[in-house]
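Shown next, in structure tokens, is the structure this report addresses.
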Amino acid sequence: MPGSSVQSSYSITATMLRLVSLVSLALLGLCSGDERVIGGTEAIPNSWPWQVSLQGYAGYWYHTCGGTLILRRWVLTAAHCVDSAGVTYRVVLGDHNIYEDDKTEQYINVQNIILHEGWTGDLAIGNDIALLYLEIDAVLNQYVQLGTLPQAGATLPNDYLCYVTGWGYTRNGGTVNPTLQQAPIKVVAYEVCSQPAWWGSYVRQNMVCAGGDGIVAGCQGDSGGPLNCPRNLGSGVFEVHGATSFVAAAGCDTYMKPTVWTRVSFYINWINNHLFS
């Protein structure tokens with residue numbers, strides 16, 4: 001990656017409370033170093049088989065966001081990842097190292113983008129969710145599987161242990177990581193996250209917070225990717241409770257400013273209306 005990236009930001013008040021989306025416009029193939037989801041480690045290849053790399057084209061393909069395969073021809077991601085006009089997108093399924101041929105990948109172009117009707121570009125309002133309709137069906141195998149969505153309206157208790165996954169930065173001003181990373185991260189319940197010392201009124205009930213310990217966080221390049229939470233602790237079955245949306249501009253791992261995801265359970269009816277209409 002060259003020494004810079006483009007970040008979208010929305011000034012709200014002080015620097016600490018500016019919201020920064022976690023989209024990355026890093027060039028593929030030019031990244032080096034031991035970098036990962038902040039506070040995380042490299043995932044076992046294809047251990048999160050619903051995770052996708054969303055890539056844009058500008059004379060070359062570049063990783064910009066994550067996403068979740070929810071049906072063979074549908075991917076869930078964040079609206080801010082795909083609201084730029086004139087960009088051609090593809091998704092890469094079954095990937096681990098986005099700079100190498102793992103021989104497990106499927107490359108499928110995006111045919112249509114459905115942004116939530118309530119998305120205004122303001123991260124503090126929310127509705128940062130989009131569906132991608134693919135040109136062809138994904139082939140399900142040991143490397144590519146569908147993500148499981150939670151029941152409509154489901155919420156998670158405070159300190160519930162989930163996992164953030166993605167190819168995002170390990171630090172502010174970092175670079176996209178070549179291999180998929182994972183990190184355990186604890187949910188911060190809305191009743192806590194909406195307190196003034198945390199995110200206050202900048203977090204809404206259509207969002208879910210996790211992290212805020214100053215150690216583990218999503219970061220640029222993780223946008224749109226899943227918040228993976230066990231259906232029951234120890235069950236081994238994971239549900240995708242979030243699509244990564246924003247962090248504080250002061251830093252991805254800012255203490256008491258957890259990573260914020262679009263809360264998928266809030267939008268189940270909206271998702272189903274588009275998938276099955």
When you measure from the side chain of [X] to the backbone N and O of [Y], does any donor-acceptor pair fall under 3.5 Å?
X      : Y      : answer
Asp222 : Gly218 : no
Thr77  : Gly66  : yes
Glu135 : Ile108 : no
Ser47  : Ala43  : no
Asp102 : Asn97  : yes
Thr68  : Trp50  : no
Asn109 : Arg90  : no
Thr244 : Ser223 : no
Tyr255 : Ile215 : no
Glu105 : Lys103 : yes

Checklist entry - Which pairs count as side-chain hydrogen bond (donor to acceptor under 3.5 Å, both in side chains) when at least one residue sits in residues 147-164, sequence neighbours excluded? => result none

Taking every non-hydrogen atom, the tightest pair across [X] and [Y]:
X      : Y      : value
Trp199 : Pro258 : NE1-O, 2.9 Å
Asp95  : Glu100 : OD1-O, 4.4 Å
Val52  : Trp167 : O-CZ3, 3.6 Å
Val260 : Cys209 : CG2-SG, 4.2 Å
Trp198 : Lys257 : O-NZ, 2.8 Å
His274 : Glu117 : NE2-OE2, 3.5 Å

May I ask you to test the [X]-[Y] pair for a side-chain heavy-atom distance under 4.5 Å?
X      : Y      : answer
Cys252 : Gln220 : yes
Tyr190 : Val203 : yes
Ser53  : Val91  : no
Val82  : Leu54  : yes
Trp48  : Gln182 : yes
Tyr267 : Asn272 : no
Leu69  : Leu140 : yes
Thr88  : Trp61  : yes

Next on the checklist: If you apply the rule side-chain hydrogen bond (donor to acceptor under 3.5 Å, both in side chains), what do you find for His96 with Thr179, and how did you get there?
Outcome noted: CA-CA 5 Å; His96 181 67; Thr179 57; 4.6 Å; no

How long is the gap from [atom1] on [X] to [atom2] on [Y], to the nearest 0.5 Å?
X      : Y      : atom1 : atom2 : answer
Leu123 : Thr120 : CG    : OG1   : 8.5 Å
Ile113 : Leu132 : CD1   : CG    : 6.0 Å
Ile125 : Tyr202 : CD1   : OH    : 13.0 Å
Ile129 : Asn206 : CD1   : CG    : 9.5 Å
Leu180 : Glu42  : CG    : CD    : 8.5 Å
Lys186 : Leu156 : NZ    : CG    : 14.0 Å

Checklist entry - Is there a ring-ring contact (aromatic ring centres under 6.0 Å, His included) between His241 and Trp261 once you walk through the steps? => result CA-CA 8 Å; His241 276 261; Trp261 282 260; over 10 Å; no

Checklist entry - Step by step, would you call Cys81 with Thr64 a side-chain contact (heavy atoms from CB on, under 4.5 Å)? => result CA-CA 7 Å; Cys81 289; Thr64 182; 5.7 Å; no

Checklist entry - Should Ile136 and Val139 be regarded as members of a common hydrophobic cluster, given that ILVMFWY residues are connected when their side-chain heavy atoms come within less than 4.5 Å of each other, either directly or indirectly? => result no

Next on the checklist: Same cluster or not: Phe276 versus Ile271, using hydrophobic residues (I, L, V, M, F, W, Y) connected whenever any side-chain heavy atoms lie under 4.5 Å apart?
Outcome noted: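 In one cluster: yes.
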
Checklist entry - Which hydrophobic side chains are connected to Val92, either touching it within the sub-4.5 Å cutoff or through other members that do? => result Tyr107

Checklist entry - So among Leu161, Leu227, Ile38, Asp213, which one has a side chain to side chain contact (heavy atoms under 4.5 Å, CB included) with Ile185? => result Leu227

Checklist entry - What's the verdict on side-chain contact (heavy atoms from CB on, under 4.5 Å) for Glu239 and Leu149, showing C-alpha distance, side-chain angles and the deciding distance? => result CA-CA 5 Å; Glu239 296 176 336; Leu149 302 186; over 6 Å; no

Next on the checklist: If you apply the rule side-chain contact (heavy atoms from CB on, under 4.5 Å), what do you find for His80 with Trp119, and how did you get there?
Outcome noted: CA-CA 9 Å; His80 76 259; Trp119 170 246; 3.6 Å; yes

Item to check | Tyr143 OH: over 12 foreign heavy atoms closer than 6.0 Å | outcome: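 Atom OH in Tyr143 is not packed in, count stays at 12 or less.
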
Next on the checklist: Working note: Thr165 + Asn228, criterion side-chain hydrogen bond (donor to acceptor under 3.5 Å, both in side chains); need CA distance, chi angles, decisive distance, verdict.
Outcome noted: CA-CA 8 Å; Thr165 54; Asn228 306 286; 3.1 Å; yes

Next on the checklist: Before you tell me yes or no, could you show the steps for Leu76 and Leu131 under side-chain contact (heavy atoms from CB on, under 4.5 Å), namely the whole-Å CA-CA distance, both residues' side-chain angles and the distance that decides it to 0.1 Å?
Outcome noted: CA-CA 5 Å; Leu76 177 71; Leu131 291 168; 3.9 Å; yes

